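Notes follow the structure.
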2 protein chains.
Amino acid sequence: MAGKEQRGGAAPERVLSAALNLFSRHGVSGTSLQMIADELGVTKAAVYHRFQSKEEIVWAVVAPALERLAEVAREAEAQPRRSRQVGTALAGVVDLVVEHRRVSAIILTDPAVSRLVRGHPVLYALEERINRVLAGPEPDAETLVGAAMLSGGLMAAGLDPRLADLDDDTLRRHLLDTARRLMRLRPLPRARTAAEF
Amino acid sequence: MAGKEQRGGAAPERVLSAALNLFSRHGVSGTSLQMIADELGVTKAAVYHRFQSKEEIVWAVVAPALERLAEVAREAEAQPRRSRQVGTALAGVVDLVVEHRRVSAIILTDPAVSRLVRGHPVLYALEERINRVLAGPEPDAETLVGAAMLSGGLMAAGLDPRLADLDDDTLRRHLLDTARRLMRLRPLPRARTAAEF
DNA sequence: GTCTATACGCTGATAGAC
DNA sequence: GTCTATCAGCGTATAGAC
């Protein structure tokens, strides 16, 4: 496994990388600052020199994915027609999950992270915006079920070891096809890539 | 929220109920025996009189759902034809998720629980049996993606607060329809219930 | 059966030497 | 910037009184 690394010390990006690894494997509550420090080959105090608290590390880990999600919401809401809104949002969240697999997973599943994110008013509203774009203004029960299954399904697929061999583009294409089927959208013409929709 | 309850002491089923509640809200690592004891209005020592360790409590919480999953695998494998195998397995896991929503969620998402379960050889094999029944012996990439999305999707739907108002039968029906669409199975005739397939 | 009391390691976090 | 040393508090778990 990952032995102790001494080169580079507690540089911020090394801390965040180690933290993400450990959060994925043990959950946020199951990860101590000691474990992060050990992974980097430094002491806890060195980590505390860069981040004032454990919570600050968690925020720094999830921030990039959340900013991307906000961007996806903006892009989707800017589309004039409903069908384009759903398509844009789906392609956006699929891209997001493929590129930030493990961050997406800890945001969606770790209770400590969920609390943190949902406790933030802007981010709580962001979740609702995404849901509204995906399910529409007055969704029937089946659409609601599809939308609910989407996030968890994408997360599970992004993490599944059986899919780890697929390259990103193939995974993205299959995920988008499957996600559209889940949401009862018509299949996309083969030639187009996910980014074009 | 749930105040301290003094009646009933640390009876095993009360411990497990409180533990499941707390595991769902805070994760296993985020739940201490002190929290469980407080929820019941007893001391930690009283809880330890019934269960020898925290791990033993975790096992007792997840055991019923895992036994059901083994039953689902047996039933599905007993079907003579592939199409029936998939249908039976889907109906089984949908039933399982509807009836054990929160237990399914902590098994699938909590790293501490996943480690425990996957470390057990029989249970690790069970996971593979279910996957083989759902995806078939030589699945193409898209089927693999669908199967991967299934577990996480069902879990997310089972926990989604927007779906909490649906009664169990309605939820079960929509979940099964959506899950079959996900796995590219033909829609089920309306009259049939999930249990019949 | 449930309690009080206790053991001892590890937690997140701080102070100050180099 | 990273270290050593230290803190109070909480973690799991145990012993023994009632």
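Since the model is a prediction, treat every value here as computed from it, not as a measurement. Just so we're on the same page: letters track the sequence lines, and every chain starts at 1.
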- prompt: Shortest non-hydrogen contact from Ala60(A) to Pro64(A)?
  reply: O-CD, 3.5 Å
- line: In whole angstroms, the gap separating P of dG1(C) from CZ of Arg14(B) amounts to 15 Å
- prompt: In B/S/- notation, 5' to 3', how is nucleotides 10-16 of chain C contacted by protein heavy atoms closer than 4.0 Å?
  reply: -SBBBB-
field: Closest nucleotide among dC3(D), dT2(D), dG1(C) to the Thr43(A) side chain
entry: dC3(D)
- request: Check side-chain hydrogen bond (donor to acceptor under 3.5 Å, both in side chains) between Ser17(A) and all other residues, then give those that pass, not counting sequence neighbours.
  value: none
For residues 133-147 of chain B, which side-chain donor-acceptor pairs fall under 3.5 Å, sequence neighbours excluded?
{"residue": "Asp140(B)", "atom": "OD1", "partner": "Glu142(B)", "partner atom": "N", "Å": "3.3"}
{"residue": "Asp140(B)", "atom": "OD1", "partner": "Thr143(B)", "partner atom": "N", "Å": "2.8"}
{"residue": "Asp140(B)", "atom": "OD1", "partner": "Thr143(B)", "partner atom": "OG1", "Å": "2.7"}
{"residue": "Asp140(B)", "atom": "OD1", "partner": "Arg184(B)", "partner atom": "NH2", "Å": "3.4"}
{"residue": "Glu142(B)", "atom": "OE2", "partner": "Arg181(A)", "partner atom": "NH1", "Å": "3.0"}
{"residue": "Thr143(B)", "atom": "OG1", "partner": "Arg184(B)", "partner atom": "NH2", "Å": "2.8"}

Residue pairs, two or more places apart or on separate chains, that pass salt bridge (charged side-chain N to carboxylate O under 4.0 Å, His left out) and touch residues 52-76 of chain A: Arg68(A)-Glu99(A)
task: Rounded off to whole Å, could you give me the CZ-to-C1' distance for the Arg50(B) and dC3(C) pair?
output: 14 Å
- line: Contacts satisfying side chain to side chain donor-acceptor pair (under 3.5 Å) that involve residues 110-129 of chain A (not counting sequence neighbours) are Glu77(A)-Arg129(A), Arg118(A)-Glu127(A)
I'd like a table of donor-acceptor pairs (distance under 3.5 Å, sequence neighbours excluded) in which one partner is a side-chain atom from residues 153-165 of chain A, with atom names and distances.
{"residue": "Asp160(A)", "atom": "OD1", "partner": "Arg162(A)", "partner atom": "N", "Å": "2.8"}
{"residue": "Asp160(A)", "atom": "OD1", "partner": "Arg162(A)", "partner atom": "NE", "Å": "3.0"}
{"residue": "Asp160(A)", "atom": "OD2", "partner": "Arg162(A)", "partner atom": "NH2", "Å": "2.9"}

task: Could you state the atom-to-atom distance from CZ of Phe51(B) to C1' of dT2(C) in whole Å?
output: 16 Å
